[in-house]
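Not measured: the values here are computed from a predicted model. Labels below follow one simple rule: chain letters A, B, ... track the order of the sequence lines, proteins then strands, and each chain is numbered from 1.
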Amino acid sequence: MKFDTPAGTNPIDQLKVVGKPTDRIDGPLKTTGTAPYAYERHDVASGQAYGYVIGAGIAKGRIRAIDLAEAKAAPGVLAIVTADNAGKLGKGRMNTAKLLGGPDIDHYHQAIAVVVAETFEQARAAAALVRVDYARAKGRFDLDAALKAAPLKGDSSGEGSSAPPIDRVGDFDAAFAAAPVKLDARYTTPDQSHMMMEPHASIAAWNGDELTLWTSNQMIAWGRGDVARTLGIPKEKVRLISPYIGGGFGGKLFVRADAIMAALGAKAAGRPVKVALTRPLMANNTTHRPATTQRIRLGCSRDGRITAIAHESGSGDLPGGGPETAVSQTKLLYAGANRLTAMRLAVLDLPEGNAMRAPGEAPGMMALEIAMDEMAEKLGIDPVEFRILNDTQVDPAKPERRFSQRQLVECLRLGATRFGWDARNPKPAQVRDGRWLVGMGVAAGFRNNLLMKSAARVGIDAKGMVTVATDMTDIGTGTYTIIAQTAAETMGVPLDRVIVLLGDSSFPESAGSGGQWGANNSTAGVYAACMKLRDSVAQRLGFNSADVTFAGGKVMSGNRSVPLAEAAGPAGLSAEDAIEYGDLDKRYQQSTFAGHFVEVGVDAWTGEVRVRRMLAVCAAGRILNPKAARSQVIGAMTMGVGAALMEELAVDKRFGFFVNHDLASYEVPVHADIPHQDVIFLDEVDPISSPMKAKGVGELGLCGVGGAIANSIYNATGVRVRDYPITLDKHLQFLPSVA
Amino acid sequence: MDDREQSAISRRGVLVGGAATVAVTATPAADAQGVRPAPQPVTMPLTLEVNGKRRTIEVDTRTTLLDALREKLELTGTKKGCDHGQCGACTVLVDGKRINSCLTLAVMHQGDKVTTIEGLGTPDKLHPMQAAFVRHDGYQCGYCTPGQICSAVAVLGEIKAGVPSHVTADLTARPGPTNDEMRERMSGNICRCGAYSNILEAMADVAGVKA
Amino acid sequence: MRPFTYERATKPADAAAAAVRNPGAKFIAGGTNLLDLMKLEIEVPRHLIDVNGLGLDTIQPTAEGGLRIGALVTNTDLAADQRVRRDYGVLSRAIVAGASGQLRNKATTAGNLLQRTRCPYFYDTNQACNKRRPGSGCAAIGGYSRQLAVIGSSSACIATYPGDMAVAMRALDAAVETVAPNGAVRTIPIADFHRLPGDTPHIETALAPGELIIAVTLPRPLGGTHVYRKVRDRASYAFALVSVAAVIQRDGSGRVAVGGIAHKPWRVEAAERRLAEGSKVVAATLLAGAKPTQDNAFKVPLVERTLAAALHDARNMA
């Protein structure tokens, strides 16, 4: 199905199933521990041995020698694979560093060997007997130092966020110089780790030259291609199966060492092999969100209109890597005739930087939305009003290009009302509640909507059960449920008559899960396949497909009504189709918007920050399942709390690694950090986005939260912290003295 | 600290940092108290009562209760998130008390009664806490969920039993199932998807209070 | 983790004797720290002696009017004990401020005293660490040291003792009762139990090889108001940046011990004598000679402010 004109009325608009806050259909499996994740497939590939991955002990240099003798002789050991005996390996298109290091080491904890043994305990013990002699080389580990000579670099995150090396609209320098009210400030965001709860894990089994991987991967088709490319085999010989994924957040967009080392280990051992990365290995072995240093300049008229806006960002990555596209949203979020964005990329020898939930916007908004707060204060304008004043309904660089839907103003206004914003004291450090200094903050939320081709196959069997198969993944997003809702709505059956099969590369290729594009595109692909199936059904019954109704498990036309099961016939019927897009995303800017509101308490003695209230008001097209969508948003808000208050991979600039590489030392929010969270979705349909008229929310919910928290802390304390995370040490010395 | 000591620190720091070459093993060969490993694994018979069923297995002494459940008994509902007691995904109930099954050896549980998520309920017959998690969408990716549910069941029991927590205002009074109490007590179960707010509502529902 | 043999001991003296008989033996009770470290081969016992069957899991009144806490009493049971809650509130408070419910259900009184540092360089076996491998150097010095010690450290080690329970025990002047392999019982004041790193950071306590903790005794109740104030980045399930255990009397006198800043719970009696002069003076006395790193210099003012918070809380609660 080609989608190249705005959607008219279609079967989804019935909203009998779609748009309802349905419980997840995978809920009973997940809550009883019966949903099988990658490492847990005792039901497949008998004789699984255990692989244990060894990570490099240095960040940069070379392996001079590996002594495997003792490890090979250890009890239960079946095989050890290193770069010496792995054979020639390629590199995945999505990988910056190779997944098996040696003799050259590209980053700390890069995999250098997998030890395969009969049991996990034996593999782990033998891994400790592998002796490695390294020649350490000098590496580049200091972002600030490396940025001094870093070149301009444009790029796309691949997730809807992009910017050229430098982008000018109007004359920023002149306008900034002439602006009566100016802000020029620097902000930093740290390296962050996805820290999804399920470690990267795979079971590999070879059948001749065919490889099956039960793995945990967000993007099945990318993964299949990159496994094939890395192993140097045709992709037709690779099958990926990933029905349940224990969190990804971008960390499982790509093939990682677990999959490749399991495949290599299985080949060497002549048996299926299962591998999970250990938690202490994950932060340095896999990818992370790169740190940024950002400079924002705002020039305003005295009445609060932005006349000049510049956002520059610097980040680092391994050779061949890309920049964190933190300036992207600044091209679109606020009005202003004179604009500048620029990005610099330094080469670093730290682990690979790559996408983490809302790459670009997440750190970019953390900076931009503090800057907006600072400017509002300089102007003496309420920060909600300042944002509303500078709203734009068009792409500021191309005024002829409108947003398909843009309700940022509505989000902010409704949020302000619901949150009780008028109770906020604009003067900071005025409100006290016992031991707590209390403050409120606001930020805009912004994230683009991406259109990606997505295919599915839908069948009806002789019992009238509808089965959807697509290689789409559910990483906690609720995909199973919204796909079932889409098929139920379109085929006119109750939800419990739909079976959804996901995450298998033998199914039609979907958009996959990333960049908050999954919900809209994958359901649109299912809708396309359903519409094709409806045509087949109508044709089979000799109905004119233009006036056929699918409802109540029946197909109806005129005065004829046939049960779906009967219509499908004993052999059943099946159809496959994809949603493919025209140029609507070129003609319109498609984005999602939010207003984030936060109240914090800052301990007047110790400076500890605790979030007291949170509200997000989101405008993101049709909400396919308000229950699951709300969960996406509260989860993102929670990640925003982590980013604002505690998350930071600490860089050892001497040895070149992230020091706090486990879940005790890399702190993420716990229950006690998160208050009740409120989410409101504005009533919106976006016929420009797809036949579903939906957009994404999973990243929108994160973009802006950090800024809102930072601004609420400032409102509480009067101390402006521009370096994330805002830990107590950064404002302690400026808090009022205590007796 | 005098200047001499200060320079000793930096000397050692530089010595480590500035070494042009360095030999490291994947993990060090022998620490201070270390000795050569016994060549062969040691195994022992073990009988447990898991979800009401008596199970006898032969286990490596090194096998954690978590790995015994997941790999030996193929009860994979209990999850391995960190294997170091830092996340709570492996929470099970042993003799009625919640523990991290990753930080206890299987051989230390001879004769113990273990309840895992599979023992609380099944997809067709959910435990009230499991049903409440579904109703309140108290999960997303589902990986921490079994641990959250085992903990949630135990937490309501701990509150009832009067065990104090960090947020209990009066140590000599009995705590109640308030939001603050439940949040604090659930903090050993990390949910990176961030379902906390909904998990709390599920627990409040089961506890019969308003979240 | 290397293979090890395993036995279940039934008598304390037998357990201690078994530890001497088996080279490379370790006691295991809760195991929550030992197993964590064994998985990383930071601890590499050849033999484990499971002491859970020793019957040391009761809390008994002492003739002196205090309490004798069996070595195997879990953190949960100790914190929940009505006598502890009533008379030694600072101890209950400290325990429930640490770890998680699951960990406290397993962690024992003796094991908690013996938990090892959370220094990230100690935990990463690729890094130099004098505690893990004597003589290898200290990668933490000049490295990421936000959590690490500001006082009592040495040129060989800047690690901290990470626990909470022992900080309260230090304020209460608890004593550690042990049995040696030869059956000899002795009592070690908590003040002498944990050592400063000096040149031997791998030796962390006063225990001799094979010596087994059998109990911790608390002197008769001090009265006063009990406060444990723990400061951390997230609200729970995190180690302290700084913690203060305080027992404050109506006349303003009292005791304070500080956690998160040294290789042992930090208490300076001379500082307590100046409580009436306020937190600034007390903190200055407590931290005389402190040598923070750039990363953890904030702990110096944080100690003062946390102390002020604890004293404020004590006044409010009294």
Worked check of side-chain hydrogen bond (donor to acceptor under 3.5 Å, both in side chains) between A:Thr638 and A:Gln677: CA-CA 9 Å; A:Thr638 301; A:Gln677 295 163 318; 3.2 Å; yes

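Between C:His312 and A:Trp605, the ring-plane angle classifies as tilted under the 30° and 60° cut-offs.
Contacts of C:Leu311 with chain A are absent, with no heavy-atom separation under 4.5 Å from either backbone or side chain. Heavy atoms of A:Leu735 lying under 4.5 Å from chain C belong to its backbone as well as its side chain. For chain C, the nearby part of A:Ala56 is the backbone; its heavy atoms alone come within less than 4.5 Å. With a 4.5 angstrom heavy-atom cutoff, A:Leu663 touches chain C only via backbone atoms. For chain C, no part of A:Val641 is nearby; none of its heavy atoms comes within less than 4.5 Å. The part of A:His661 that comes within reach of chain C is its side chain, from C-beta onward, which places non-hydrogen atoms under 4.5 angstrom from that chain. Contacts of A:Ser665 with chain C are absent, with no heavy-atom separation under 4.5 Å from either backbone or side chain.
A donor and an acceptor atom, one from each side chain of A:Asp723 and A:Thr188, are located under 3.5 Å apart. Side-chain polar atoms of A:Glu647 and A:Tyr666 form a donor-acceptor pair below 3.5 angstrom. There is a side-chain donor-acceptor pair under 3.5 Å between C:Thr5 and C:His47. For the residue pair C:Asp251 / C:Ser253, a side-chain donor-acceptor distance below 3.5 Å is found, with atom types taken as modelled.
Within 6.0 Å of NZ in A:Lys72 there are 12 or fewer heavy atoms belonging to other residues, nucleotides or ligands.
Between the A:Asp673 side chain and the A:Val670 main chain, a donor and an acceptor come within less than 3.5 Å of each other.
Looking only at heavy-atom pairs under 4.5 Å with chain A, the residue among C:Arg146, C:Lys299, C:Arg118 that has the most is C:Arg146. Here C:Tyr121 is the residue among C:Phe239, C:Tyr123, C:Tyr237, C:Tyr121 with the most heavy-atom pairs under 4.5 Å with chain A. For chain C, the option among A:Met646, A:Arg435, A:Glu608 with the highest count of heavy-atom pairs below 4.5 Å is A:Glu608.
Aromatic pair A:Phe658/A:His288: ring centres closer than 6.0 Å.
Proximity to chain A among residues 92-102 of chain C is not found for any residue, judged by heavy-atom separations below 4.5 angstrom.
A 4.5 Å side-chain heavy-atom check between A:Arg612 and A:Trp436 finds at least one atom pair inside the cut-off.
Taking 4.0 Å as the cut-off between side-chain N and carboxylate O, C:Asp313 and C:Arg229 count as a salt-bridged pair.
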